[in-house]
Amino acid sequence: MASGAVADGHGGKVKIGLITTLTGGGAALGVDIRDGFLLGVKQSGNEGLEVVVEDDQRKPDIAVQLADKMIQSEKVDILTGIVWSNLALAVAPAATAQGKFYISPNAGPAQLAGKGCHQNYFNVAWQNDGPHEAAGAHAKSIGFKKPFILAPNYPAGQDALTGFKRMYGGDLAGELYTKLGQTDYAAEIAQIRASDADGIFFFLPGGMGISFLKQYADSGIELPIVGPAFSFDQTILGAVGEAALGIHNTAQWSPDLDNAASKAFVESFKAEYGRIPSIYAQQAFDTANLIVSAAAKADVKDADAFREALRAADFVSTRGDFEFGSNHHPIQDFYVREVIKDGDVFTNKIIGVALEDRQDVYAAECKM
């Protein structure tokens with residue numbers, strides 16, 4: 001963007017409403033999304049970008065109220081930030097119906113990737129099934145024959161088990177939906193113990209994963225675990241500690257990913273915030289850089305031009321290669337990571353590739 005466009009106030013301004021979870025059980029995820037996004041905006045040097053941040057408290061009704069306030073009163077051009085799929089399903093369609101862009105740095109529910117896709121909806125993270133499809137492919141490749149699988153009963157949990165089963169394709173020892181926000185997993189662990197499972201797949205993000213992993217470690221059951229990164233990520237590992245060591249998990253990114261953009265991001269995030277970035281921070285950083293790249297090419301008030309600039313994804317991603325599929329969701333690689341201890345810090349290292357250039361199955365249902 002020409003610097004004059006910002007300085008003289010003609011066009012070029014982009015107002016972004018970032019609604020995310022900053023208090024309660026999922027706060028670490030939202031804090032990393034906020035921090036990664038703001039770091040990307042700061043590094044861009046584009047003074048025409050204004051970001052308004054609000055806390056949705058992980059409540060759909062609050063998220064909807066905040067989105068309405070941002071659109072009606074704050075006059076934002078773009079909404080972003082939501083962690084949870086049930087909140088995204090409440091906010092994103094309402095925002096796009098009012099002519100605003102919603103650009104997701106995390107939640108990627110199937111409903112918004114397929115028949116409910118929209119020209120003003122973009123997801124920079126993944127479609128929900130993706131990381132779990134990668135876990136299913138990996139579980140199959142390492143010889144799981146009868147895993148026990150569980151996830152919370154909400155849209156992302158349903159997408160998780162669907163995705164795992166799609167790529168795993170074999171028999172299951174058991175399948176359970178747990179309560180969203182649950183902290184006591186004694187009953188589920190008893191069912192796993194009583195089953196003939198030879199492994200476990202679980203998706204329990206945030207505090208749910210911390211609770212389950214600690215209780216599982218104390219149970220004495222020693223079945224191997226495969227999961228998506230959400231339960232083995234930087235936001236969780238410090239709290240889980242030794243119980244996570246050696247576990248394989250799947251993600252589109254890892255702090256040790258070997259490309260220049262990723263290395264620079266990790267170092268700058270650590271310098272700014274004093275911690276290793278999580279996938280949530282990485283996704284939000286890429287989201288900010290996508291918006292920066294579009295703002296350099298088009299005025300957000302010209303929706304058609306700005307949409308094309310977003311679709312081009314002309315930015316240097318921390319993932320390396322990045323492109324949108326026909327439904328505005330990424331086509332990307334998913335890696336297998338192993339939880340390790342580096343000095344006195346628990347983190348992940350990449351040990352393989354689970355899926356290459358994966359496009360979600362719902363793109364075929366998107367008519368756009």
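Along the sequence shown, the residues carry numbers beginning at 1.
For Gln182, the side-chain hydrogen bond (donor to acceptor under 3.5 Å, both in side chains) test picks out Glu188, with sequence neighbours left out. For the ring-ring contact (aromatic ring centres under 6.0 Å, His included) test, no residue two or more places apart in sequence or in another chain qualifies with Phe346.
Looking at heavy atoms from C-beta onward, Leu38 lies out of side-chain contact with Lys42 at the 4.5 angstrom threshold. Inter-residue side-chain proximity for Ser219 and Arg193 is flagged as met; some heavy-atom pair is nearer than 4.5 Å. Between Phe101 and Asp77, every side-chain heavy-atom pair lies at or beyond the 4.5 Å cut-off. Looking at heavy atoms from C-beta onward, Ile82 lies out of side-chain contact with Thr20 at the 4.5 angstrom threshold. The side-chain heavy atoms of Leu49 and Ser44, taken from C-beta on, include a pair separated by under 4.5 Å. Between Leu172 and Phe148 the shortest side-chain heavy-atom distance does not fall below 4.5 Å. Two residues are said to be in side-chain contact when any heavy atoms from C-beta on lie closer than 4.5 Å; Leu112 and Tyr102 fail this criterion. Between Ile16 and Val76, every side-chain heavy-atom pair lies at or beyond the 4.5 Å cut-off.
The residues Arg166 and Asp129 are annotated as salt-bridged, a charged nitrogen and a carboxylate oxygen being separated by less than 4.0 angstrom. The existence of a salt bridge linking Glu308 and Lys297 is excluded, since no basic side-chain nitrogen approaches an acidic carboxylate oxygen closer than 4.0 Å. Using a cut-off of 4.0 Å between Lys/Arg side-chain N and Asp/Glu carboxylate O, Asp233 and Arg337 are scored as salt-bridged. Under the 4.0 Å criterion applied to side-chain N and carboxylate O atoms, Lys263 and Asp258 are assigned as salt-bridge partners. Using a 4.0 Å cut-off between a side-chain N of Lys or Arg and a carboxylate O of Asp or Glu, Lys15 and Glu74 qualify as a salt bridge. Between Arg34 and Asp55 there is no salt bridge, since no side-chain N of the basic residue sits under 4.0 Å from a carboxylate O of the acidic one.
Contacts classified as salt bridge (charged side-chain N to carboxylate O under 4.0 Å, His left out) and involving residues 349-359 (residues at least two apart or in different chains) are given here: Glu133-Arg358.
How far CD1 of Ile19 is from CD of Glu54: 7.5 Å, rounded to the nearest 0.5 Å. The structure places CZ of Phe144 at 8.0 Å from CD1 of Ile200, a figure rounded to the nearest 0.5 Å. To the nearest 0.5 angstrom, Asp314 atom CG is 15.0 Å from Arg311 atom CZ. Rounding to the nearest 0.5 Å gives a distance of 9.5 Å between OG of Ser85 and CD of Gln158. To the nearest 0.5 Å, the span separating CG on Asn106 from CG on Asn123 amounts to 8.0 Å. If you take OG1 on Thr347 and CG on Asp256, they are separated by 7.0 Å, rounding to the nearest 0.5 Å.
Both Phe37 and Leu310 are part of a single hydrophobic cluster, where members link through side-chain heavy atoms under 4.5 Å apart. Under the 4.5 Å side-chain heavy-atom criterion for grouping Ile, Leu, Val, Met, Phe, Trp and Tyr, Ile351 is not connected to Phe201 through any hydrophobic cluster.
Between Leu213 and Ala243, the shortest heavy-atom distance links the atoms O-CB, 4.0 Å. Closest approach of Leu79 and Ala95 over heavy atoms only: CD1-CB, 3.6 Å. When every heavy atom of Asp196 is checked against every heavy atom of Ala173, the shortest pair comes out as OD1-CB, 3.6 Å. Looking at every heavy atom in both residues, Thr183 comes nearest to Ser211 through O-CB, 3.3 Å. Annotation for Ile279 and Ala229: closest pair CD1-CB, 3.9 Å, computed over non-hydrogen atoms. In terms of heavy-atom proximity, Phe322 sits nearest to Val124 at CE1-O, 3.7 Å.
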- Could you please spell out the steps behind the side chain to side chain contact (heavy atoms under 4.5 Å, CB included) verdict for Met70 and Lys100? CA-CA 11 Å; Met70 285 186 170; Lys100 304 300 179 183; over 6 Å; no
- Query: Can you list the steps and then say if Tyr121 with His329 is a ring pair (Phe, Tyr, Trp, His ring centres under 6.0 Å)?
  - Reply: CA-CA 9 Å; Tyr121 174 83; His329 286 64; 5.7 Å; yes
- Candidate pair Val345 and Gln234, rule side chain to side chain contact (heavy atoms under 4.5 Å, CB included), full reasoning: CA-CA 10 Å; Val345 177; Gln234 232 42 64; 4.3 Å; yes
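Side-chain contact of Ser317 with Asp286: a donor-acceptor pair under 3.5 Å is present, judged by distance alone. Side-chain atoms of Ser268 and Gln43 form a donor-acceptor pair, as typed in the model, at a separation below 3.5 Å. There is no side-chain donor-acceptor pair under 3.5 Å between Asn348 and Glu338.
For an aromatic pair to be called close, the ring centres must be under 6.0 Å apart, and Phe122 with Phe324 satisfies this. You'll find the ring centres of Phe202 and Phe212 inside the 6.0 Å limit. Side-chain rings of His132 and Phe334 stay apart, their centers remaining 6.0 Å or farther from each other. With ring centers used as reference points, Tyr216 lies 6.0 Å or more from Tyr185. A centroid separation of less than 6.0 Å is found between the aromatic rings of Phe265 and Trp253.
Counting heavy atoms of neighbouring residues, nucleotides and ligands inside a 6.0 Å radius, atom NZ of Lys115 does not exceed 12 of them. Around CG of Asp321, the count of heavy atoms belonging to other residues, nucleotides or ligands within 6.0 Å does not exceed 12.
Remark: side-chain polar atoms of Asn249 are not paired, donor with acceptor, to backbone N or O of Pro228 under 3.5 angstrom. No side-chain donor-acceptor contact under 3.5 Å links Ser254 to the backbone of Leu257.
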